[in-house]
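Along the sequence shown, residues are numbered consecutively beginning with 1. As the structure is a computational prediction, the values presented were derived from the model and not from experiment.
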Amino acid sequence: QNLQERPRIGYVEKNTDQTHFAFGIQALPFNTAGQYVIDLISVILGQGMSSRLQKKLREEMGACYYLSSSNDAYADYGMLTIGSGVHHDMFLQSIHVIR
């Protein structure tokens, strides 16, 4: 398995009204024990209007326009991703909340 050894960041600057980002962490491959646990974590954190991050970032902080979460599992690796579009000045706070 190819493990990521340190954080990686990539970005593209554009003149938009929000900062759009995807925050990903390595997860489990398909058909691995615990795969359904990662699916459930994804649902609880960021899928739907009642998810924990939706409530915190959108309802409490008023930081984001949209929020999504997904667990992508492949034969040899997986990735849990949280994506959002937030006010520019709330980007770092939003990343802190997600972490």
Side-chain angles (χ1 to χ4, degrees):
Q1 190 172 13
N2 186 8
L3 297 177
Q4 181 176 327
E5 295 177 10
R6 60 190 169 99
R8 293 184 217 159
I9 298 173
Y11 68 94
V12 175
E13 288 189 37
K14 290 185 174 184
N15 186 17
T16 61
D17 293 336
Q18 306 100 29
T19 299
H20 303 273
F21 66 91
F23 184 90
I25 61 170
Q26 190 165 348
L28 298 171
F30 181 73
N31 265 348
T32 303
Q35 178 60 47
Y36 295 114
V37 173
I38 304 296
D39 285 336
L40 185 58
I41 289 170
S42 177
V43 170
I44 291 169
L45 286 179
Q47 292 183 22
M49 294 303 288
S50 62
S51 70
R52 292 185 183 185
L53 288 174
Q54 185 79 258
K55 285 183 177 182
K56 180 68 175 180
L57 291 174
R58 186 176 172 98
E59 295 176 20
E60 290 179 30
M61 295 172 55
C64 74
Y65 297 91
Y66 69 89
L67 184 113
S68 65
S69 176
S70 66
N71 178 35
D72 300 307
Y74 302 100
D76 56 346
Y77 73 96
M79 182 168 25
L80 175 63
T81 306
I82 311 251
S84 188
V86 300
H87 295 286
H88 294 307
D89 58 345
M90 304 215 46
F91 172 67
L92 292 178
Q93 284 178 281
S94 298
I95 292 292
H96 178 72
V97 167
I98 291 169
R99 283 188 60 218

Notebook entry, point to check: Of all residues at least two apart in sequence or in a different chain, which pass the ring pair (Phe, Tyr, Trp, His ring centres under 6.0 Å) check with Phe21?
Noted result: Phe91

Check: What are the two closest non-hydrogen atoms of Ala75 and Phe30, and how far apart are they?
Finding: N-CB, 4.5 Å

Check: Any link between Ile98 and Val86 through a network of hydrophobic side chains (Ile, Leu, Val, Met, Phe, Trp, Tyr) touching at under 4.5 Å?
Finding: yes

Check: For Ile44, what are the other residues in its hydrophobic cluster, where any two members join if their side-chain heavy atoms are less than 4.5 angstrom apart?
Finding: Leu40

Next item on the list: Identify, with sequence neighbours excluded, every residue that meets side-chain hydrogen bond (donor to acceptor under 3.5 Å, both in side chains) alongside Glu13.
Entry: none

Item checked: side chain to side chain donor-acceptor pair (under 3.5 Å) contacts in which one or both residues fall within residues 31-45, not counting sequence neighbours -> Asp39-Asn71, Ser42-Gln47, Ser42-Ser69

Margin query: Among residues at least two apart in sequence or on other chains, which ones pass side-chain contact (heavy atoms from CB on, under 4.5 Å) with His88?
Written below: Thr16, Thr19

Margin query: Once ring pair (Phe, Tyr, Trp, His ring centres under 6.0 Å) is applied, what residue pairs with a partner in residues 56-76 remain, sequence neighbours excluded?
Written below: His20-Tyr66, Tyr65-His87, Tyr74-Tyr77

Margin query: Can you list everything that forms a side-chain contact (heavy atoms from CB on, under 4.5 Å) with Leu45? Sequence neighbours excluded, please.
Written below: Ile41, Leu53, Ile82

Checklist line | Reported CG-to-NZ distance for the pair Leu57 and Lys55, which is rounded to 0.5 angstrom | finding: 13.5 Å

Check: How long is the span from the CG atom in Asp72 to the CD1 atom in Ile38, to the nearest 0.5 Å?
Finding: 12.0 Å

Checklist line | Residue pairs, two or more places apart or on separate chains, that pass salt bridge (Lys or Arg N to Asp or Glu O under 4.0 Å) and touch residues 56-67 | finding: Lys56-Glu60

Check: Quick one: are Phe23 and Ile95 in side-chain contact, heavy atoms under 4.5 Å?
Finding: yes

Next item on the list: Determine the minimum heavy-atom distance between Ala22 and Thr81, stating which atoms define it.
Entry: CB-CG2, 3.9 Å

Margin query: So if I apply the side-chain contact (heavy atoms from CB on, under 4.5 Å) rule between Ser84 and each of Cys64, Ser94, Ser68, which one comes out positive?
Written below: Cys64

Note to self: Under 4.5 Å between side-chain heavy atoms, counting indirect links through other Ile/Leu/Val/Met/Phe/Trp/Tyr residues: same cluster for Leu92 and Val97 or not?
What the structure shows: yes

Notebook entry, point to check: In chain order, what residues pass the side-chain contact (heavy atoms from CB on, under 4.5 Å) check against Gln93, with sequence neighbours excluded?
Noted result: Met61, Met90

